[in-house]
Peer 1: 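Can you keep this structure in mind? I'll have questions shortly.
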Amino acid sequence: YSVVGPSQLVLRNSYVHDAWRNAFFLQGSYDVLIQDVYFARAGLHHEANTIALRSTRNVVIHRNVLMDSVNNYISLQTVRNVYITSNVLTRSLADWDNWAGIHSAGAARNVLIAGNTFYNLEGLNTGIRFDGDTDNLRVINNLWAGNRTNQIMLDGDHHHNAFWDNWRVDGAEPVSLDDRIVEDTAVFLTADPFVDAEGYDLRLAVPTEPGVTLSDPWCDRDLGGASRGADGAWDRGAHEYVN
């Protein structure tokens, strides 16, 4: 937790868990890499976030698992050049509701959210909500599955995402959220795509429909370190299918 603006900061190969508020917070920082970290149970406080960044630039959030967050899994405010790739955002604790999967307030410039898996989340919104002035927000090749939430918001330029078994359950009858997705290139899966979803093994048991091949940095490796597109097509979600 820092408000003094550290630069060239790397957090890697770590287990960060059971914070009262934010598990990881930076303000006024630049050149930050968060990679191969397991975050669990960030905050019982109502404003808790797993990762929170304020007035920060040149950030990579890559190949992490973020489990159990009360408010937002990733909270951004006045950021630029942020790459969020090959992460799993998930939960297991009952009655922990989310404001958003990834939320941004204030200006945001050049944000890529690509190849992530959002699984078994509950609350108001498990999608991408950017409230401030936003330029070049791309939401590509992600997978939303098994969520029980009011909505899956998709701000920015979003395409080639995948969806399975997402429902709004707070009314008299469950309502399919997949039916409410407006995206020409979306794929709606008809069966559980994971090796063992109940055991939180979210590797793909079958390949998805091909996503977009991205040339951006930090996009060519999945959560387990496998190369994207080894079979000729990039899969959607945090994991590349490996036969």
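We count residues from 1, following the sequence as given. Scope of the values below: all heavy atoms of this structure, side chains included, with no hydrogens, waters or symmetry mates. This is a predicted model, so every value here is computed, not measured.
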Peer 1: Do Val139 and Leu223 share a hydrophobic cluster (ILVMFWY, side-chain heavy atoms under 4.5 Å, transitive)?
Peer 2: no
Peer 1: Taking side chain to side chain contact (heavy atoms under 4.5 Å, CB included) as the test, write out the residues that go with Asp165, two or more places apart.
Peer 2: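 Partners of Asp165 under the side chain to side chain contact (heavy atoms under 4.5 Å, CB included) test: Arg148, Trp167.
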Peer 1: Would you say the ring centers of Phe118 and Trp144 fall short of 6.0 Å from each other?
Peer 2: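 Here the rings of Trp144 and Phe118 have centres that are less than 6.0 Å from each other.
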Peer 1: Measuring from Ser75:OG to Ile51:CD1, what's the distance to the nearest 0.5 Å?
Peer 2: 10.5 Å
Peer 1: A side-chain contact here means heavy atoms from C-beta on lying under 4.5 Å apart; do Ile74 and Ile61 qualify?
Peer 2: yes
Peer 1: Using a 3.5 Å cut-off and no angle test, enumerate the donor-acceptor pairs between side-chain atoms of residues 231-239 and protein atoms at least two apart in sequence or in another chain.
Peer 2:
unit_1, atom_1, unit_2, atom_2, d
Asp231, OD1, Ala233, N, 3.2
Asp235, OD1, Thr208, N, 2.8
Asp235, OD1, Thr208, OG1, 3.3
Asp235, OD2, Tyr241, N, 2.9
Arg236, NE, Glu209, O, 3.1
Arg236, NH1, His160, O, 3.2
Arg236, NH1, Asn161, O, 3.0
Arg236, NH1, Thr185, O, 3.0
Arg236, NH2, Pro210, O, 2.9

Peer 1: Would you say the side chains of His159 and Glu183 form a donor-acceptor pair under 3.5 Å?
Peer 2: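 No, no side-chain donor-acceptor contact under 3.5 Å.
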Peer 1: Within this structure, what is the CZ-CG distance for the pair Phe163 and Leu189, rounded to the nearest 0.5 Å?
Peer 2: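 Output value for this atom pair is 10.0 Å.
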Peer 1: Could you grab the distance from atom CG of Leu202 to atom CG of Leu143, nearest 0.5 Å is fine?
Peer 2: 8.5 Å
Peer 1: Take atom CZ of Arg203 as the centre, draw a 6.0 Å sphere, and report whether it contains more than 12 heavy atoms from other residues, nucleotides or ligands.
Peer 2: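 Counting other residues, nucleotides and ligands, CZ of Arg203 stays at 12 neighbours or fewer.
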Peer 1: Treat each ILVMFWY residue as a node, draw an edge where side-chain heavy atoms are under 4.5 Å apart, and state whether Ile140 and Ile152 are in one component.
Peer 2: no
Peer 1: For the pair Asn125 (side chain) and Gly127 (backbone), establish whether a donor and an acceptor sit closer than 3.5 Å, ignoring hydrogens and angles.
Peer 2: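 Such a contact is found between Asn125 side chain and Gly127 backbone.
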Peer 1: Counting only N and O atoms by type, is there a donor-acceptor contact under 3.5 Å from the side chain of Asp18 to the main-chain atoms of Arg41?
Peer 2: no
Peer 1: Is there a side-chain contact between Asp133 and Asp135, using heavy atoms and a 4.5 Å cut-off?
Peer 2: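 Heavy-atom side-chain distance check fails, nothing below 4.5 Å.
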Peer 1: List the steps, then state whether salt bridge (Lys or Arg N to Asp or Glu O under 4.0 Å) holds for Asp131 with Arg129.
Peer 2: CA-CA 6 Å; Asp131 293 330; Arg129 178 170 183 164; 3.0 Å; yes
Peer 1: Assess, by modelled atom type and distance only, whether the side chains of Ser227 and Arg221 contain a donor and an acceptor separated by less than 3.5 Å.
Peer 2: yes
Peer 1: Just so I know, are the side chains of Trp99 and Asn49 near enough to count as touching, which here means a heavy-atom distance under 4.5 Å?
Peer 2: no
Peer 1: Does Arg138 offer a backbone N or O that forms a donor-acceptor pair with the side chain of Asp157 under 3.5 Å?
Peer 2: no
Peer 1: Can you name the closest pair of heavy atoms from Cys219 and Leu214 and give their distance?
Peer 2: SG-CD1, 4.0 Å
Peer 1: Quick check on side chain to side chain contact (heavy atoms under 4.5 Å, CB included): which of Leu137, Asn81, Asp155, Ile128 does Val111 satisfy it with?
Peer 2: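 When side chain to side chain contact (heavy atoms under 4.5 Å, CB included) is applied between Val111 and each of Leu137, Asn81, Asp155, Ile128, only Leu137 qualifies.
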Peer 1: What I'd like to find out is whether the side chain of Thr50 reaches to under 4.5 Å of the side chain of Asn72, using heavy atoms alone.
Peer 2: no
Peer 1: Can you measure from CG (Leu26) to CG (Leu9) and round to the nearest 0.5 angstrom?
Peer 2: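 Interatomic distance, Leu26 CG to Leu9 CG, rounded to 0.5 Å: 6.0 Å.
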Peer 1: For residues Ala19 and Ala23, report the shortest heavy-atom separation together with the two atoms involved.
Peer 2: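 Closest approach of Ala19 to Ala23: CB-CA, 3.9 Å.
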Peer 1: Under 4.5 Å between side-chain heavy atoms, counting indirect links through other Ile/Leu/Val/Met/Phe/Trp/Tyr residues: same cluster for Phe25 and Leu11 or not?
Peer 2: no
Peer 1: Assert yes or no for the condition that the ring centre distance of Tyr119 to Tyr200 is strictly below 6.0 Å.
Peer 2: yes
Peer 1: Asn142 and His158: side-chain donor and acceptor closer than 3.5 Å?
Peer 2: no
Peer 1: Regarding Arg109 and Thr134, is there a side-chain donor-to-acceptor distance under 3.5 Å anywhere?
Peer 2: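 There is no such pair (donor and acceptor under 3.5 Å, judged by atom type) between the side chains of Arg109 and Thr134.
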Peer 1: Where do Pro217 and Tyr83 come nearest, in terms of heavy atoms and distance?
Peer 2: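 Nearest heavy atoms, Pro217 then Tyr83: O-CD2, 4.1 Å.
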Peer 1: Quick one, Met67 and Tyr38 - any side-chain contact, counting heavy atoms below 4.5 Å?
Peer 2: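 SC-SC contact between Met67 and Tyr38 confirmed.
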Peer 1: Which is it for Val88 and Asn116 under the side-chain contact (heavy atoms from CB on, under 4.5 Å) test, yes or no, and what are the steps along the way?
Peer 2: CA-CA 6 Å; Val88 164; Asn116 304 282; over 6 Å; no
Peer 1: Can you see which heavy atom on Leu89 is nearest to which on Gly101, and at what distance?
Peer 2: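 Minimum heavy-atom separation between Leu89 and Gly101: CD2-O, 3.9 Å.
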Peer 1: Should Asp220 and Arg228 count as an ion pair when the cut-off is N to O under 4.0 Å?
Peer 2: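 A salt bridge is absent here (no side-chain N lies under 4.0 Å from a carboxylate O).
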Peer 1: Does the side chain of Asn87 come under 3.5 Å of the side chain of Tyr73 through a donor N or O and an acceptor N or O?
Peer 2: no
Peer 1: Quiz question: by atom type and distance under 3.5 Å, do the side chains of Arg80 and Thr56 form a donor-acceptor pair?
Peer 2: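 Judged by distance alone, the side chains do not pair up.
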Peer 1: Quick one: does Asn22's side chain have a donor or acceptor within less than 3.5 Å of a partner on Ala48's backbone?
Peer 2: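 No; zero donor-acceptor contacts below 3.5 Å.
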Peer 1: Is Asn64 reaching over with its side chain to a backbone N or O of His62, donor-acceptor style, under 3.5 angstrom?
Peer 2: yes
Peer 1: Rounded to the nearest 0.5 Å, what's the gap from CZ on Phe188 to CG on Asn166? Could you check?
Peer 2: 9.5 Å
Peer 1: In terms of hydrophobic clustering (I, L, V, M, F, W, Y; side-chain heavy atoms under 4.5 Å; direct or indirect links), are Trp164 and Leu177 co-clustered?
Peer 2: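 The answer is no; the residues belong to distinct hydrophobic clusters.
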Peer 1: Residues in side-chain hydrogen bond (donor to acceptor under 3.5 Å, both in side chains) with Thr149, at least two apart?
Peer 2: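 side-chain hydrogen bond (donor to acceptor under 3.5 Å, both in side chains) check on Thr149 returns nothing, list empty.
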Peer 1: Minimum heavy-atom separation for Asp222 and Ser86, please, with both atom names.
Peer 2: CA-OG, 3.7 Å
Peer 1: Between Asn98 and Ser69, is there a donor-acceptor pair closer than 3.5 Å when you use the side chain of the first and the backbone of the second?
Peer 2: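 Yes.
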Peer 1: Determine, using the 4.5 Å side-chain heavy-atom cutoff (strictly less than), whether Ile102 and Leu154 are members of one ILVMFWY cluster.
Peer 2: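 Cluster IDs for Ile102 and Leu154 match.
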Peer 1: Could you tell me whether Asp36 and Arg12 make a salt bridge, using a distance below 4.0 angstrom between a side-chain N and a carboxylate O?
Peer 2: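 A salt bridge is absent here (no side-chain N lies under 4.0 Å from a carboxylate O).
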Peer 1: Which value, rounded to the nearest 0.5 Å, describes the distance between Asn110 atom CG and Arg57 atom CZ?
Peer 2: 13.5 Å
Peer 1: Salt bridge or not for Asp170 and Arg168, using N-O below 4.0 Å?
Peer 2: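 Answer for the salt bridge query: yes.
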Peer 1: Please verify the inter-ring angle class for Tyr15 with His17; under 30° counts as parallel, over 60° as perpendicular, anything in between as tilted.
Peer 2: parallel
